[in-house]
Amino acid sequence: MFIFFLKSYIIIFLMKTKALFLDRDGIINIDKKYVYKIEDFEFCDGIFELCRYFLDKDYLLFVVTNQSGIARGYYKQSDFFALCDFMLKEFQEHNVKITKIYHCPHLEGCECRKPKAGMFLKARDEFRIDMQNSVFIGDNLSDMQAGKNAQIKTLFLVNKEKQEASFFKQFNDLKAILNFLKEKEDK
């Protein structure tokens with residue numbers, strides 16, 4: 001009996017978790033450049049439905065966001081945290097649990113600022129994330145490069161301007177991603 005429980009524990013310990021990584025500005029909220037006030041924060045259409053889709057598939061949800069406005073002096077880290085609290089409460093009201101928010105407050109010279117993979121690697125190590133079976137959604141090429149640098153297999157770019165690259169799929173909006181995933185599931 002003890003051996004059975006030990007084997008079960010080892011299997012659970014060795015299992016890795018799938019994650020959905022989300023950029024913030026342009027994916028979770030409309031990008032209005034250096035958003036830090038609650039009154040300026042407007043959720044993107046389809047974000048809650050998309051997140052619930054991934055939660056139903058047993059993904060953990062993470063936000064990975066460059067916040068150079070802190071280093072530039074446009075707002076304080078405390079402003080960023082207050083906005084995060086608001087955002088998380090809104091997600092909860094829509095039955096979405098964000099596991100953790102990672103942010104880079106720097107301008108340059110760090111390992112966490114996208115396109116570097118530092119924020120993703122912190123999540124990987126902290127939560128035993130299976131990067132090969134995870135997904136990242138961003139709205140610019142530096143996001144896609146960060147996902148590639150983190151060895152995330154599935155990268156989705158939300159951008160209406162056509163970008164040329166073979167390592168990600170491009171969509172006009174979040175609802176198009178959700179439709180793509182549901183159609184793929186039905187096949």
Side-chain angles (χ1 to χ4, degrees), residues 15-31 33 35 43-69 80 84 87 91 96-185:
M15 288 176 50
K16 291 190 175 184
T17 305
K18 300 177 291 189
L20 171 63
F21 293 96
L22 299 164
D23 180 37
R24 194 191 80 173
D25 300 318
I27 299 301
I28 292 175
N29 60 285
I30 295 172
D31 190 355
K33 302 295 177 210
V35 175
F43 284 95
C44 289
D45 194 27
I47 188 63
F48 300 118
E49 297 83 1
L50 182 68
C51 288
R52 281 194 300 270
Y53 174 87
F54 280 95
L55 285 172
D56 288 345
K57 305 280 183 213
D58 296 321
Y59 282 72
L60 295 180
L61 274 56
F62 297 94
V63 177
V64 287
T65 179
N66 287 346
Q67 291 295 316
S68 68
F80 172 75
C84 287
M87 183 180 76
F91 270 113
V96 173
K97 182 186 184 307
I98 301 294
T99 302
K100 189 165 182 177
I101 299 171
Y102 294 91
H103 77 290
C104 174
H106 312 112
L107 282 172
E108 56 189 47
C110 68
E111 292 302 312
C112 57
R113 185 168 177 77
K114 293 180 285 179
K116 293 186 179 176
M119 291 184 280
F120 299 91
L121 301 179
K122 283 181 185 177
R124 179 199 66 194
D125 296 345
E126 189 174 345
F127 293 93
R128 296 192 45 77
I129 304 299
D130 177 356
M131 301 305 261
Q132 286 294 303
N133 288 307
S134 292
V135 176
F136 176 43
I137 302 173
D139 67 331
N140 61 56
L141 290 177
S142 67
D143 289 331
M144 298 298 95
Q145 189 61 50
K148 184 177 181 184
N149 290 339
Q151 298 180 339
I152 296 172
K153 185 177 177 183
T154 304
L155 304 170
F156 295 146
L157 176 69
V158 177
N159 193 317
K160 291 180 178 164
E161 295 178 26
K162 184 69 178 152
Q163 305 293 326
E164 296 299 325
S166 61
F167 65 94
F168 61 81
K169 291 192 182 306
Q170 185 170 351
F171 299 89
N172 286 335
D173 57 36
L174 299 174
K175 289 184 176 187
I177 294 173
L178 187 56
N179 290 337
F180 168 79
L181 293 168
K182 287 180 177 180
E183 286 174 12
K184 189 175 166 184
E185 200 173 70

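Scope of the values below: all heavy atoms of this structure, side chains included, with no hydrogens, waters or symmetry mates. Values in this document were obtained by computation on a predicted structure and should not be read as measured data.
Between the side chains of Q145 and N149, at least one donor N or O sits under 3.5 Å from an acceptor N or O. The closest side-chain donor-acceptor pair between N140 and S142 falls under 3.5 angstrom.
Every residue two or more places apart in sequence or in another chain that forms a side chain to side chain contact (heavy atoms under 4.5 Å, CB included) with N172 is listed here: K160. Residues passing the side chain to side chain contact (heavy atoms under 4.5 Å, CB included) test with E49, sequence neighbours excluded: R52, L178. Under the side chain to side chain contact (heavy atoms under 4.5 Å, CB included) criterion, C110 pairs with C104, H106, C112, R113, sequence neighbours left out. Residues satisfying the ring-ring contact (aromatic ring centres under 6.0 Å, His included) test with F48, not counting sequence neighbours, are F43, F91, H94.
A ring-ring contact (aromatic ring centres under 6.0 Å, His included) check over residues 126-153, counting only residues at least two apart or in different chains, returns the pairs F62-F127, F120-F136. Residue pairs satisfying the salt bridge (charged side-chain N to carboxylate O under 4.0 Å, His left out) criterion with at least one member in residues 142-153, sequence neighbours excluded, are listed as follows: K114-D143.
Shown here for C51 and L22, the closest heavy-atom pair between the two residues is SG-CD1, 3.7 Å. Listed here is the closest heavy atom pair of L174 and G46: CD1-C, 4.2 Å. Contact record, V63 with M87: CG2-CE, 4.2 Å, taken as the closest heavy-atom pair. Residues F171 and K169 share a closest heavy-atom pair of CE1-CB, 3.7 Å.
Contact annotation: the side chain of I98 approaches that of L61 to within less than 4.5 Å [non-hydrogen atoms, C-beta and beyond]. Taking the side chain as every heavy atom from C-beta outward, R24 and I101 never approach each other to under 4.5 Å. Two residues are said to be in side-chain contact when any heavy atoms from C-beta on lie closer than 4.5 Å; L155 and L157 fail this criterion. Taking the side chain as every heavy atom from C-beta outward, L181 and E183 never approach each other to under 4.5 Å. Residues D25 and K33 fail the side-chain proximity criterion, which asks for heavy atoms closer than 4.5 Å. Side-chain contact check for E111 versus L121: every heavy-atom pair is 4.5 Å or farther apart. Between E126 and K100, some side-chain heavy-atom pair lies under the 4.5 Å cut-off.
In this structure, M119 CE and D23 CG are separated by 8.0 Å, a value rounded to the nearest 0.5 Å. Between the CG atom in N133 and the CD1 atom in I152 there is a gap of 11.5 Å [rounded to 0.5 Å]. Note: I27 CD1 to F21 CZ = 15.0 Å, rounded to the nearest 0.5 Å. A distance of 6.5 Å separates CD1 of I47 from CD1 of I137, quoted to the nearest 0.5 Å. Interatomic distance, T154 OG1 to L20 CG, rounded to the nearest 0.5 Å: 10.5 Å. Atom NE2 of residue H103 and atom CZ of residue F80 lie 5.0 Å apart, to the nearest 0.5 angstrom.
Around atom CG of D45, no more than 12 heavy atoms belonging to other residues, nucleotides or ligands sit under 6.0 Å away. For K116, the NZ atom sits in a packed shell: over 12 heavy atoms of surrounding residues, nucleotides or ligands are nearer than 6.0 Å.
A donor-acceptor pair is defined here as one N or O able to donate and one able to accept, closer than 3.5 Å; such a pair exists between the side chain of Q132 and the backbone of Q151. Here the side chain of N66 pairs no donor or acceptor atom with the backbone of S68 at under 3.5 angstrom.
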